[in-house]
Colleague: 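Structure in structure tokens, see below.
Reckoned from all heavy atoms, side chains included, excluding hydrogens, waters and symmetry mates.
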Amino acid sequence: QVQLVESGGGLVQAGGSLRLSCACSDRISNYGIGWFRQAPGKEREFVAGISWRGRWTGRGTHLADFVKGRFTISRDNAANTVYLQMNSLQPQDTAVYYCAADSFGSGSESANEYEYWGQGTQVTVSS
């Protein structure tokens, strides 16, 4: 059973930055990894993903339009960790952030295609 552990959430003022980490109990390079978030009363939404099966071109990363230019996703295979660097945070970014793993390795914007989920980490952005 793959375990994912998120960390790095917290309270930050608008315009600030946070870096979330997603540590994987298995070799993370085997998986497509997605970051999702869920705000109170809203559906879970895709934020960013990284894969190795070529679903996303270039560096194999993909960002939701609403975070492009502010967030970046990266992977440290030696540490079996994926990072979500979040800059220029805004109050509307407040949510619980989850990472998820897809054993096929392709990644997806759909939460249904991920088998493993972390427990989430709270991000709160004050105005």
Side-chain angles (χ1 to χ4, degrees):
Q1 179 77 8
V2 174
Q3 292 185 330
L4 302 171
V5 179
E6 302 99 332
S7 61
L11 173 64
V12 64
Q13 289 186 333
S17 298
L18 286 173
R19 188 178 78 158
L20 304 184
S21 299
C22 173
C24 182
S25 62
D26 196 0
R27 181 178 292 184
I28 205 165
S29 57
N30 290 341
Y31 300 89
I33 299 294
W35 281 100
F36 291 77
R37 70 185 187 185
Q38 188 165 21
K42 294 188 177 181
E43 294 187 353
R44 189 169 297 190
E45 62 181 354
F46 173 83
V47 176
I50 187 166
S51 73
W52 61 269
R53 276 194 180 266
R55 168 169 292 192
W56 297 313
T57 58
R59 301 178 68 178
T61 62
H62 183 62
L63 297 168
D65 286 343
F66 55 81
V67 301
K68 285 181 180 177
R70 301 190 299 128
F71 293 11
T72 57
I73 185 171
S74 61
R75 178 169 58 201
D76 182 341
N77 290 336
N80 290 319
T81 301
V82 167
Y83 302 100
L84 183 67
Q85 178 67 45
M86 307 187 295
N87 299 327
S88 301
L89 284 162
Q90 299 300 317
Q92 55 265 37
D93 294 316
T94 295
V96 177
Y97 284 71
Y98 300 89
C99 70
D102 142 49
S103 61
F104 188 69
S106 63
S108 174
E109 292 189 12
S110 172
N112 292 333
E113 296 193 28
Y114 293 86
E115 302 104 299
Y116 307 105
W117 290 82
Q119 81 288 350
T121 185
Q122 176 70 47
V123 171
T124 303
V125 184
S126 63
S127 57

Colleague: So, taking the atom named CD1 in Ile33 and the one named OG in Ser74, what distance separates them when rounded to the nearest 0.5 Å?
Modeller: 12.0 Å

Colleague: How far does CD of Gln1 sit from CD of Glu115, to the nearest 0.5 angstrom?
Modeller: 10.0 Å

Colleague: Taking only residues two or more places apart in sequence, or in another chain, which ones meet Arg70 in a salt bridge (charged side-chain N to carboxylate O under 4.0 Å, His left out)?
Modeller: Asp93

Colleague: Within 45° of the ring axis of Phe36 and under 6.0 Å from its six-membered ring centre, is that where the NZ or CZ of Arg44 lies?
Modeller: no

Colleague: Is the shortest heavy-atom distance from the side chain of Ser29 to the side chain of Trp52 under 4.5 Å?
Modeller: no

Colleague: Any non-hydrogen side-chain atom of Tyr31 less than 4.5 Å from a side-chain atom of Val82?
Modeller: no

Colleague: Grab the two heavy atoms, one from Gly8 and one from Leu18, that are nearest each other, plus how far apart they are.
Modeller: O-CD2, 3.8 Å

Colleague: Under 6.0 Å from the CD atom of Gln3, do we count more than 12 heavy atoms belonging to anything else shown?
Modeller: no

Colleague: With heavy-atom distances below 4.5 Å as the criterion, would you say the side chains of His62 and Phe46 are in contact?
Modeller: yes

Colleague: Using a 4.5 Å cut-off on heavy atoms from C-beta on, say whether the side chain of Asn77 contacts that of Ile28.
Modeller: yes

Colleague: Using side chain to side chain contact (heavy atoms under 4.5 Å, CB included), reason through Tyr98 and Leu20 one step at a time and then give a plain yes or no.
Modeller: CA-CA 10 Å; Tyr98 300 89; Leu20 304 184; over 6 Å; no

Colleague: Quick one: closest heavy-atom pair of Thr94 and Ala39, and the distance?
Modeller: O-CB, 3.6 Å

Colleague: Looking at Gln119 and Leu4, what are the two nearest heavy atoms and their distance?
Modeller: OE1-O, 3.7 Å

Colleague: Taking Cys99's backbone N and O only, do any of them form a donor-acceptor pair with Glu6's side chain (distance below 3.5 Å, no angle check)?
Modeller: yes

Colleague: Could you tell me whether a side-chain N or O of Tyr114 sits under 3.5 Å from a main-chain N or O of Gly32, the two making a donor and an acceptor?
Modeller: no

Colleague: So, for Cys24 and Val2, which heavy atoms are closest and what is the spacing to 0.1 Å?
Modeller: SG-CG1, 3.7 Å

Colleague: Measure the shortest side-chain to side-chain distance between Val12 and Ser17 over non-hydrogen atoms and say whether it is less than 4.5 angstrom.
Modeller: no

Colleague: For Val47 and Val67, which heavy atoms make the closest approach, and how far apart are they?
Modeller: O-CG2, 3.6 Å

Colleague: Which heavy atom in Trp35 sits nearest to a heavy atom in Ser21, and how many Å separate them?
Modeller: CH2-O, 3.7 Å

Colleague: Looking at Ser106, is its backbone amide N or carbonyl O close enough to the side chain of Ser51 to form a donor-acceptor pair, meaning the two atoms are under 3.5 Å apart?
Modeller: yes

Colleague: Is there a donor-acceptor pair closer than 3.5 Å between any side-chain N or O of Asp102 and the backbone N or O of Gly107?
Modeller: yes

